[in-house]
Protein chains: 2
Amino acid sequence: MRDGGWSDQVNALGGFIRAQRQMAKLSLREMASMTRVSNAYLSQVERGLHQPSLKVLHSIADALHLNTEQLLQQAGWGGGAGAGAAAANGRAEAAADEAPAGPCSVEEAVRAESRLTEEQKTALLGVYRSFLES
Amino acid sequence: MRDGGWSDQVNALGGFIRAQRQMAKLSLREMASMTRVSNAYLSQVERGLHQPSLKVLHSIADALHLNTEQLLQQAGWGGGAGAGAAAANGRAEAAADEAPAGPCSVEEAVRAESRLTEEQKTALLGVYRSFLES
DNA sequence: CAGCTTTGATTGACATACTTAACGCCGCTG
DNA sequence: CAGCGGCGTTAAGTATGTCAATCAAAGCTG
């Protein structure tokens with residue numbers, strides 16, 4: 001469907017990045033070497049000719065010491081659908097129940113699974129916890 | 001190429017999406033029509049064969065009523081700005097390990113978790129098994 | 001059993017992200 | 001002036017995201 005104001009969003013993002021870069025007194029090439037993204041592509045992104053991927057966006061935010069949320073908001077993540085309960089505080093959820101089945105909780109079992117990488121464990125536990133919050 | 005854990009990340013993201021989709025009792029095609037992303041591509045994303053773009057991620061989060069932060073975290077945005085050491089997870093990582101085949105397997109632990117519904121258990125184990133197949 | 005529908009997966013074509021190698025412009029130093 | 005070195009931009013190529021069409025397998029209906 002109509003993507004509507006894509007170019008506007010992208011342009012806003014690009015302008016934002018360019019402003020931040022100039023404010024940090026960095027040249028395109030300098031920033032390119034920091035982000036390991038080609039200067040050419042950075043130039044195009046800044047002028048709204050391309051939509052950068054997550055990797056690139058992350059690198060840019062990193063190099064400019066920007067808050068990731070800021071960048072994502074500029075990239076068009078304002079309009080969530082949602083019913084969004086804020087909820088999301090990363091901090092511990094208060095009233096966690098006790099371990100259900102005695103000696104081995106899911107958390108412990110996952111952590112103990114040596115065939116999983118750390119990332120996989122984190123992902124799995126993320127799914128698990130999200131299930132408990134409902 | 002130090003991509004190292006990259007495929008893990010993507011896989012984690014895919015597994016997370018698949019779990020959420022199954023929990024919402026959606027088929028690939030249903031979700032495809034909601035997100036206006038082809039079922040084919042969704043299938044590939046869920047199995048970690050491709051890294052979805054911002055647009056697609058946004059659509060997915062939207063269709064599944066997920067908090068954007070959750071998804072982005074799964075997509076590899078845990079780290080945040082450069083200087084900081086990583087690891088912001090709530091729980092400290094215990095030194096536990098070992099005993100994959102012992103009495104305390106992930107499968108058993110999940111099955112014994114009384115706070116999960118049957119569908120949730122199925123979804124969780126689906127993610128888990130998909131991680132083991134590599 | 002044949003048929004219909006729905007599921008997830010694959011293939012091939014296309015669009016877009018991204019890279020490398022140029023280009024033209026401006027400020028400098030000799 | 002020529003020549004260097006930085007700047008942003010452009011051009012052409014490669015890699016990858018994305019789609020439409022199609023597939024085999026599984027569940028129903030008669």
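The structure displayed is predicted, hence computed values, not measured ones. Side chains included, hydrogens not; waters and symmetry mates left out as well; all remaining heavy atoms used. Order of the sequence lines fixes the chain letters, A, B, ..., with proteins taken first and strands second; residue numbering starts at 1 for each chain.
The separation between B:H50 atom NE2 and D:dA15 atom P is 14 Å, rounded to whole Å. When the P atom of D:dC7 is taken as reference, atom NZ of A:K25 falls 15 Å away, rounded to whole Å. In this structure, CG of B:L49 is placed 10 Å from P of D:dG17, rounded to the nearest angstrom. Between B:L57 atom CG and D:dG17 atom P there is a gap of 12 Å when expressed in whole angstrom units. Taking atom CG on A:L42 and atom C1' on D:dG8, their separation rounds to 12 Å, with Å as the unit. Taking atom CE of residue B:M31 and atom P of nucleotide D:dT18, one finds them 13 Å apart after rounding to whole Å.
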Identify each atom pair where a protein N or O and an N or O of nucleotides 20-27 of chain D are less than 3.5 Å apart, giving names and distance.
none

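For B:S53, a side-chain nitrogen or oxygen approaches OP1 or OP2 of D:dT18 to under 4.0 Å.
Using a 4.5 Å cut-off on side-chain heavy atoms (C-beta onward), A:S27 and A:M31 make no contact. Contact check for A:D62 versus A:T35: no side-chain heavy atoms found under the 4.5 Å cut-off. Between B:L64 and B:L26 the shortest side-chain heavy-atom distance falls below 4.5 Å. Contact check for B:V37 versus B:I60: no side-chain heavy atoms found under the 4.5 Å cut-off. The closest side-chain heavy-atom distance from B:V106 to A:V106 is not below 4.5 Å.
To the nearest 0.5 Å, atoms CD (A:Q44) and OG (A:S38) are separated by 7.5 Å.
A donor-acceptor contact shorter than 3.5 Å links the side chain of B:S59 to the backbone of B:K55.
Where DNA chain C meets chain A (any atom under 4.0 Å from a heavy atom), the bounding nucleotides read 5' to 3' are C:dA17 to C:dA22.
Applying the salt bridge (Lys or Arg N to Asp or Glu O under 4.0 Å) definition to pairs two or more places apart or across chains, those involving residues 12-33 of chain A are A:R18-A:E46, A:R21-A:E46.
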